[in-house]
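Reviewing the structure listed below.
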Amino acid sequence: MTDHLTVVDHPLVQHKLTLMREERTSTAVFRQLLREISQLLAYEVTRSLPMDTKTIATPMKEMEAPVLAGRKLALVSILRAGNGLLDGMLELIPSARVGFVGLYRDEETLKPVQYYFKVPDNLSERLVIAVDPMLATGNSSAAAIDLLKEAGATNIRFLCLLAAPEGVARMKEAHPDVPIVTAALDSHLNEKGYIVPGLGDAGDRMFGTK
Ligand code: URA
């Protein structure tokens, strides 16, 4: 994967995203759509994984069949909203290792504050896919990637549902080596750091909090 930003314009992704954006969509439906869309995005973010072959026997004959190469990949959820993307991805990649980075956004400064960090071992030998639905200012995403690099990760991809141009620019400046995959690139951030038109607070919408 070489492009810094990939917008997944698949019709199913775009249709599901529209339903998720709608204010009147219920928590249950929002969560289900996020699960479905995360699998479609997972398909894209894993598109260029290195492959190997192994010898298997079909009922007909032996063959050299393709398999994923190397160590199990690591999915890292940026709490708490990242968990919404994580669940669906794990259904598709059940043997992935899982990590969590806990960052909350100080609503005054919009700066990230760390409260939890637990990741799989041998991070340097794994593809690490960091997931967070909303790439807004990019401050918490860039901080999460800093922590993953400090823990040894060298091959990182970032998966989100929506991105703001400000967040993409921040990530490109801080981590030009980390490709971003998203379902849409929205217009801008408002004065509170929310993506416009966006979908509101992703965590609140998936967990039914306010
Ligand atoms: N986080 C969200 O949940 N929504 C936004 O629009 C921005 C950050």
Side-chain angles (χ1 to χ4, degrees), residues 4-8 13-14 16-38 40-42 45 75-89 99-117 129-148 156-175 178 180-210:
H4 189 252
L5 180 70
T6 302
V7 178
V8 182
V13 170
Q14 294 305 313
K16 289 177 194 297
L17 178 58
T18 297
L19 297 173
M20 293 182 76
R21 288 184 190 272
E22 279 199 78
E23 195 177 10
R24 62 189 179 157
T25 295
S26 70
T27 300
V29 173
F30 186 93
R31 212 181 281 158
Q32 178 59 29
L33 287 164
L34 185 58
R35 178 181 292 268
E36 292 167 5
I37 217 170
S38 66
L40 297 166
L41 295 173
V45 79
L75 302 177
V76 177
S77 167
I78 302 175
L79 298 172
R80 68 178 164 149
N83 282 11
L85 284 176
L86 177 68
D87 289 347
M89 290 186 75
F100 295 94
V101 179
L103 295 167
Y104 68 86
R105 187 167 64 155
D106 185 307
E107 294 297 334
E108 297 277 301
T109 63
L110 303 185
K111 291 267 158 58
V113 184
Q114 182 194 330
Y115 64 89
Y116 190 74
F117 187 76
I129 303 177
V131 300
D132 189 353
M134 309 300 270
L135 177 56
T137 62
N139 288 334
S140 57
S141 308
I145 303 296
D146 282 338
L147 294 171
L148 293 173
I156 308 173
R157 297 177 190 178
F158 184 84
L159 179 67
C160 59
L161 185 61
L162 285 186
E166 295 89 333
V168 173
R170 172 86 180 88
M171 282 286 277
K172 188 161 193 174
E173 171 202 314
H175 300 293
V178 176
I180 299 166
V181 173
T182 186
L185 179 62
D186 271 11
S187 164
H188 63 279
L189 297 178
N190 71 9
E191 64 294 344
K192 290 193 164 157
Y194 279 84
I195 298 177
V196 182
L199 49 72
D201 188 299
D204 282 346
R205 294 205 58 192
M206 77 180 71
F207 296 120
T209 50
K210 248 292 164 224

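Atoms within a ligand are numbered from 1 in the order they appear, just like the ligands themselves. Position 1 is the first residue of the sequence, and the numbers go up from there.
Those atoms of ligand 1 that come under 4.0 Å of a heavy atom in A136, given as number and element, are 7 (C), 8 (C). Short contacts between ligand 1 and G200, defined as distances under 4.0 Å to a heavy atom of the residue, involve ligand atoms 2 (C), 3 (O), 4 (N), 5 (C), 6 (O).
In this structure the side chain of I156 reaches within 4.5 angstrom of the side chain of I145, judged on heavy atoms. V76 is not listed as a side-chain neighbour of V131, based on a closest heavy-atom distance of 4.5 Å or more.
Within the 4.0 Å heavy-atom shell around ligand 1 one finds G193.
Among all protein heavy atoms, the one lying closest to atom 6 (O) of ligand 1 is I195 N, 2.7 Å. Scanning the protein for heavy atoms near atom 5 (C) of ligand 1, the closest one is Y194 CD2, 3.4 Å.
Partner L159 forms a side-chain contact (heavy atoms from CB on, under 4.5 Å) with one of L75, L41, L135 and no other, that one being L41.
Both the backbone and the side chain of A202 come within contact range of ligand 1, each with a heavy atom under 4.0 Å.
Here the CG-CG distance, from L17 to L162, works out to 5.5 Å after rounding to the nearest 0.5 Å.
Taking a 6.0 Å sphere around CD of E23, one finds it holds 12 or fewer heavy atoms contributed by other residues, nucleotides or ligands.
Between M134, R80, R205, it is M134 that holds the heavy atom closest to atom 2 (C) of ligand 1.
Inspection of the R157 and T6 side chains reveals no N or O donor paired with an N or O acceptor under 3.5 Å.
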